[in-house]
There are 2 protein chains.
Amino acid sequence: MGKELNAIPDIIISRLPVYYQHLKNLQSSSKEYVSSEELADLTGFSSSLIRKDLSYFGTFGRKSYGYDIYCLFQQINIIMGFNYKKKLIIIGAGHLGQALAYNKGYNERGYQLISIFDKNPKLIDLVINDIEIQSVSNLERFLENNKVDVAALTVPGAAAQKITDRLVAAGIKAIWDFTEVPLKVPEDIFLEEQLINEGLCKLSLKMNQKRLNQDGTTEDLSCGQK
Amino acid sequence: MGKELNAIPDIIISRLPVYYQHLKNLQSSSKEYVSSEELADLTGFSSSLIRKDLSYFGTFGRKSYGYDIYCLFQQINIIMGFNYKKKLIIIGAGHLGQALAYNKGYNERGYQLISIFDKNPKLIDLVINDIEIQSVSNLERFLENNKVDVAALTVPGAAAQKITDRLVAAGIKAIWDFTEVPLKVPEDIFLEEQLINEGLCKLSLKMNQKRLNQDGTTEDLSCGQK
DNA sequence: TTAATATTGTTAAAAAAATAACATAACCTA
DNA sequence: TAGGTTATGTTATTTTTTTAACAATATTAA
């Protein structure tokens with residue numbers, strides 16, 4: 001595989017969802033234009049960086065006005081491919097899977113949630129946000145009859161690799177993974193790890209750093225070396 | 001404010017949760033040592049980068065063996081401050097808030113979930129994973145009587161800023177934010193945005209890139225410029 | 001005991017990313 | 001219409017990050 005010729009740098013990709021979010025919020029304001037300076041205030045990125053990021057995709061701004069909020073939002077939507085319709089299923093109807101079923105973010109990003117699967121007989125036929133939970137034993141049959149683009153994986157860690165293998169065998173090309181175990185997938189499968197506890201990790205680290213700085217302690221942790 | 005003198009570079013911080021996760025998973029393997037090359041296979045980072053990251057904190061490896069898995073895991077725990085106990089509350093007992101109440105990741109990271117708050121009278125007194133939901137009108141009183149380190153915010157966007165202001169006024173120093181609206185907080189508050197749909201955004205973009213590459217289309221999106 | 005092997009920690013080099021600077025152009029006011 | 005202002009898009013510079021290379025050292029095998 002390897003990168004495509006005109007692959008967008010990962011670092012820019014990582015900022016696009018942030019631009020998207022703020023432009024979406026700006027839609028409901030009365031403003032028509034937004035400057036790179038204002039976007040800098042909102043996002044925390046420098047205005048220079050924002051102009052550079054946007055210029056990677058084209059020329060969107062208007063001199064002495066800034067960026068047309070609606071137009072730029074539409075462009076970001078196109079860049080991210082939100083104008084293309086994609087079908088999503090959820091595997092694992094536990095607490096997290098059910099919460100994802102109620103997530104309001106799908107439609108605006110071009111996703112449609114079409115089914116939820118679980119192993120637990122008690123959950124099967126239960127209707128969550130208008131979607132019926134079905135037995136995971138139907139998975140292959142369902143995927144044969146429905147073109148599914150992305151599978152969200154919210155099963156217990158122990159089941160994750162097996163389900164993944166089944167998904168891949170059935171032709172799924174993109175997995176949104178909430179299990180915290182390392183999954184093996186072929187190189188042409190898009191695997192996006194959603195580390196749900198990442199924010200908590202960072203907060204713990206920052207609070208720890210603050211504490212260390214206040215104590216004045218500068219510990220070296222070295223160990224192991226003989 | 002500004003960065004502290006010995007602040008860990010953000011780019012390294014962003015990789016620590018990944019190291020943590022893989023080292024945790026390695027605990028349950030029979031292996032005792034892991035090399036930077038093996039960690040590279042697991043994480044997708046280069047072995048050189050991994051050695052460099054770890055050397056930022058100290059000297060952990062053993063020549064010709066690699067890293068003692070247990071020891072390194074402990075060190076990462078210390079770096080991230082997981083050995084310090086932190087108290088967590090959840091504001092907003094909707095589907096996501098309830099799912100977070102069942103999250104199993106707290107204890108291993110030093111967090112203890114001690115309460116859940118909601119406005120909806122129908123939810124109050126409901127017990128979720130042994131934690132009773134209480135009225136958000138008790139928030140200030142509760143925070144006076146309990147030293148809370150982090151508040152997870154899963155309220156509707158419209159309520160987010162108001163609740164945030166109350167949390168800050170009551171002395172909360174760290175917020176784990178799941179609302180997708182921009183929050184204003186004083187500079188000394190740690191605010192961690194958990195964009196729940198980030199993975200979906202990236203998957204959409206990658207599938208779109210793949211499609212564009214296959215089509216051979218190299219569109220320039222420019223607009224707006226007069 | 002010696003030679004071959006493995007893997008670290010670190011230095012040097014290369015690549016990527018961010019910032020700063022500014023020429024350019026559009027807008028506004030008088 | 002002229003002069004001042006604003007904010008882009010881009011170039012040049014600086015900084016950060018990554019990769020590559022390798023000396024040092026522990027281990028293993030002969």
Side-chain angles (χ1 to χ4, degrees), chain A residues 2-16 18-19 23 26 31-69 71-72 75-76 79 220-226, chain B residues 2-16 18-19 23 26 31-69 71-72 75-76 79 220-226:
Chain A
K3 303 269 178 202
E4 302 297 335
L5 256 75
N6 52 350
I8 306 168
D10 278 353
I11 194 79
I12 297 185
I13 292 182
S14 73
R15 284 188 292 261
L16 284 174
V18 181
Y19 295 135
L23 287 166
L26 283 168
K31 289 164 57 68
E32 198 180 341
Y33 286 86
V34 65
S35 70
S36 59
E37 205 62 58
E38 288 168 307
L39 281 173
D41 279 347
L42 287 170
T43 61
F45 312 144
S46 77
S47 62
S48 187
L49 180 59
I50 291 169
R51 291 199 300 279
K52 202 138 196 255
D53 277 355
L54 296 179
S55 77
Y56 182 89
F57 300 104
T59 301
F60 303 114
R62 192 172 155 193
K63 291 229 165 71
S64 92
Y65 262 79
Y67 300 91
D68 178 309
I69 291 171
C71 168
L72 185 54
Q75 296 301 333
I76 298 258
I79 292 164
D220 184 25
L221 296 165
S222 303
C223 80
Q225 192 80 284
K226 261 209 183 153
Chain B
K3 303 268 178 202
E4 302 297 334
L5 254 75
N6 52 349
I8 305 169
D10 277 352
I11 195 78
I12 297 185
I13 292 182
S14 73
R15 284 188 292 260
L16 285 174
V18 181
Y19 295 135
L23 287 166
L26 283 168
K31 289 165 57 69
E32 198 180 341
Y33 286 86
V34 65
S35 70
S36 59
E37 205 62 59
E38 288 168 308
L39 281 173
D41 280 347
L42 287 169
T43 60
F45 313 143
S46 78
S47 63
S48 188
L49 180 59
I50 291 169
R51 291 200 300 279
K52 200 129 198 264
D53 277 355
L54 296 179
S55 77
Y56 182 89
F57 300 104
T59 300
F60 304 113
R62 189 172 156 192
K63 291 231 165 72
S64 92
Y65 259 79
Y67 300 91
D68 179 308
I69 292 171
C71 167
L72 185 55
Q75 296 301 333
I76 298 258
I79 293 165
D220 183 27
L221 296 166
S222 302
C223 82
Q225 191 81 284
K226 260 210 183 153

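Because the structure is a prediction, the values reported are computed rather than measured. Just so we're on the same page: letters track the sequence lines, and every chain starts at 1.
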Between [atom2] on [N] and [atom1] on [X], what's the gap in Å once rounded to a whole number?
| X | N | atom1 | atom2 | answer |
| --- | --- | --- | --- | --- |
| A:Ile8 | C:dA17 | CD1 | P | 13 Å |
| B:Arg51 | C:dT11 | CZ | P | 14 Å |
| B:Ile50 | D:dA20 | CD1 | P | 14 Å |
| B:Tyr65 | C:dG9 | OH | P | 16 Å |
| B:Phe57 | C:dG9 | CZ | P | 14 Å |
| A:Lys63 | D:dT5 | NZ | P | 19 Å |
| A:Tyr56 | C:dA16 | OH | C1' | 13 Å |
| A:Leu54 | C:dA17 | CG | C1' | 16 Å |

Would you give the length of the straight line joining atom [atom1] of [X] to atom [atom2] of [Y], rounded to the nearest 0.5 angstrom?
| X | Y | atom1 | atom2 | result |
| --- | --- | --- | --- | --- |
| B:Ile8 | B:Ser14 | CD1 | OG | 11.5 Å |
| A:Ile50 | A:Tyr19 | CD1 | OH | 5.0 Å |
| A:Leu54 | A:Leu39 | CG | CG | 7.5 Å |
| A:Thr43 | A:Leu23 | OG1 | CG | 10.0 Å |
| A:Phe60 | A:Ser55 | CZ | OG | 9.0 Å |

Worksheet item: Under a 4.0 Å heavy-atom cut-off, which of residues 33-43 of chain A touch DNA chain C?
Response: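 None, since no heavy atom is under 4.0 Å.
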
Worksheet item: Which salt bridge (charged side-chain N to carboxylate O under 4.0 Å, His left out) pairs, counting each pair once, include a residue from residues 38-60 of chain A, with sequence neighbours left out?
Response: A:Arg15-A:Asp53, A:Lys31-A:Glu38

Response to the item:
Out of D:dA24, D:dT10, C:dA26, minimum distance to the side chain of A:Ser55 belongs to D:dT10

Practice prompt. Apply side-chain contact (heavy atoms from CB on, under 4.5 Å) to A:Val18 and A:Phe45, showing your working.
Written response: CA-CA 10 Å; A:Val18 181; A:Phe45 312 144; 4.0 Å; yes

Worksheet, complete the sentence: Nearest heavy-atom approach of B:Asp68 to B:Tyr33 is N-CD2, 3.5 Å

Item to complete: Test B:Gln75 against B:Phe57 for side-chain contact (heavy atoms from CB on, under 4.5 Å), laying out the working first.
Response: CA-CA 9 Å; B:Gln75 296 301 333; B:Phe57 300 104; over 6 Å; no

Worksheet item: For every nucleotide of nucleotides 14-19 of chain D, 5' to 3': is a protein heavy atom under 4.0 Å from its base (B), only from its sugar-phosphate (S), or from neither (-)?
Response: ---SBB

